[in-house]
Amino acid sequence: LRLPPGRTDLKTAPPAASPLPEAGPEAQDVEQEATALLQRVYTGDMSVPDAVGTLQRLKTSGDARERVVFDCVLHSLLDEYRFLTQYPPAELQLAAQLFGQLVRHRLVSSLSLGVALKYVRDALRAGPTSPMAVFGVTALRQFAADLPLWPQYVRELATVPVLRDLAPDVADALDKVQGSMCLSLS
């Protein structure tokens with residue numbers, strides 16, 4: 001696993017509202033399992049679709065511990081966003097695919113969905129030469145078919161100039177969604 005300079009693992013300090021159980025062996029097991037899943041993706045030992053399938057299973061599991069592992073993975077991915085500018089291109093691409101697939105497969109909802117969509121939008125605003133813009137485009141392509149569900153988000157994305165340059169297909173899809181939104185209002 002090639003991690004950004006100065007990083008030795010994917011674990012980040014959990015906030016006060018962390019899904020992790022209290023400190024102890026069980027919390028370490030959960031965190032290690034979550035980290036191991038992400039490391040398998042970043043090392044190529046697990047494909048993004050396989051990781052999504054695993055996350056879907058964990059999220060809907062009848063086992064409370066597995067749901068906590070899911071929460072920990074989700075928390076780690078969202079928390080890791082602040083370090084993505086330091087990621088090598090291959091890992092950044094994988095992170096973008098995973099972010100987008102989380103949205104596409106409804107593995108994020110409510111507050112987490114809002115955070116994920118904000119991160120994609122913010123990445124797109126980074127500018128055409130920024131690797132984060134490529135992250136944003138890659139993530140957005142994963143859930144482009146779902147854009148009609150979020151008209152306000154579509155309006156916000158339509159104002160991002162980098163989309164025309166980096167992803168004319170996505171910009172065209174946004175135009176179509178906006179056009180259909182206007183027709184439905186008529």
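Keep in mind that the numbers below use all heavy atoms, side chains included, and drop hydrogens, waters and symmetry copies. These numbers were taken from a predicted model, which means no experiment stands behind them.
The two atoms that bring A126 and S130 nearest to each other are CB-OG, 3.4 Å, heavy atoms only. Minimum heavy-atom separation, V162 to P128: CG2-CA, 3.4 Å. Nearest heavy atoms, A95 versus Y42: CB-OH, 3.4 Å. Between A167 and R141, the shortest heavy-atom distance links the atoms CB-NH2, 3.5 Å. Looking at every heavy atom in both residues, A133 comes nearest to L124 through O-CD2, 3.8 Å.
Separation of atoms CZ (R104) and CD (Q97) is listed at 12.0 Å; rounding is to 0.5 Å. Within the model, atoms SG of C72 and CG of D29 stand 11.5 Å from one another, a figure rounded to the nearest 0.5 Å. Annotation: the span from L58 atom CG to L74 atom CG amounts to 11.5 Å, rounded to 0.5 Å. To the nearest 0.5 Å, the span separating CZ on F70 from CZ on R57 amounts to 12.0 Å.
Linking ILVMFWY residues whenever their side-chain heavy atoms come closer than 4.5 Å, directly or via other members, places L107 and V41 in the same cluster. The cluster map of Ile, Leu, Val, Met, Phe, Trp and Tyr, joined by side-chain heavy atoms under 4.5 Å apart, puts L174 and V177 in the same cluster.
Annotation: side chain of T54 is in contact with side chain of M46 (closest heavy-atom distance under 4.5 Å). Side-chain contact check for T35 versus Q39: some heavy-atom pair is nearer than 4.5 Å. Using a 4.5 Å cut-off on side-chain heavy atoms (C-beta onward), M132 and Y87 make no contact. A heavy-atom distance below 4.5 Å is found between the side chains of D146 and R106. Side-chain contact between L102 and L55: present, with at least one pair of heavy atoms (C-beta onward) separated by less than 4.5 Å.
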Would you tabulate the side-chain donor-acceptor contacts of residues 109-122 under 3.5 Å, counting partners in other chains and residues two or more places apart, or write 'none'?
from : atom 1 : to   : atom 2 : distance (Å)
K118 : NZ     : D122 : OD2    : 2.5
R121 : NH1    : E156 : OE1    : 2.7

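Scanning for side chain to side chain donor-acceptor pair (under 3.5 Å) contacts around D165 gives an empty result, with sequence neighbours left out. Take F99 and apply the ring pair (Phe, Tyr, Trp, His ring centres under 6.0 Å) test, not counting sequence neighbours, and it matches F135. In this structure, the side chain to side chain donor-acceptor pair (under 3.5 Å) partners of S61, at least two apart in sequence or on a different chain, are E66. Checked against side chain to side chain donor-acceptor pair (under 3.5 Å), Q142 has the following partners two or more places apart in sequence or in another chain: Q101. For R125, there are no side chain to side chain donor-acceptor pair (under 3.5 Å) partners at least two apart in sequence or on another chain.
Partner of V68 under the side-chain contact (heavy atoms from CB on, under 4.5 Å) criterion, chosen from V30, D63, V73: V30. Between V170 and the options V160, D175, L157, L140, a side-chain contact (heavy atoms from CB on, under 4.5 Å) holds for only L140.
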For this session: Begin from the C-alpha positions of E33 and R65 and carry the test side chain to side chain contact (heavy atoms under 4.5 Å, CB included) through to its verdict.
Result: CA-CA 11 Å; E33 188 173 337; R65 183 187 179 284; 2.8 Å; yes
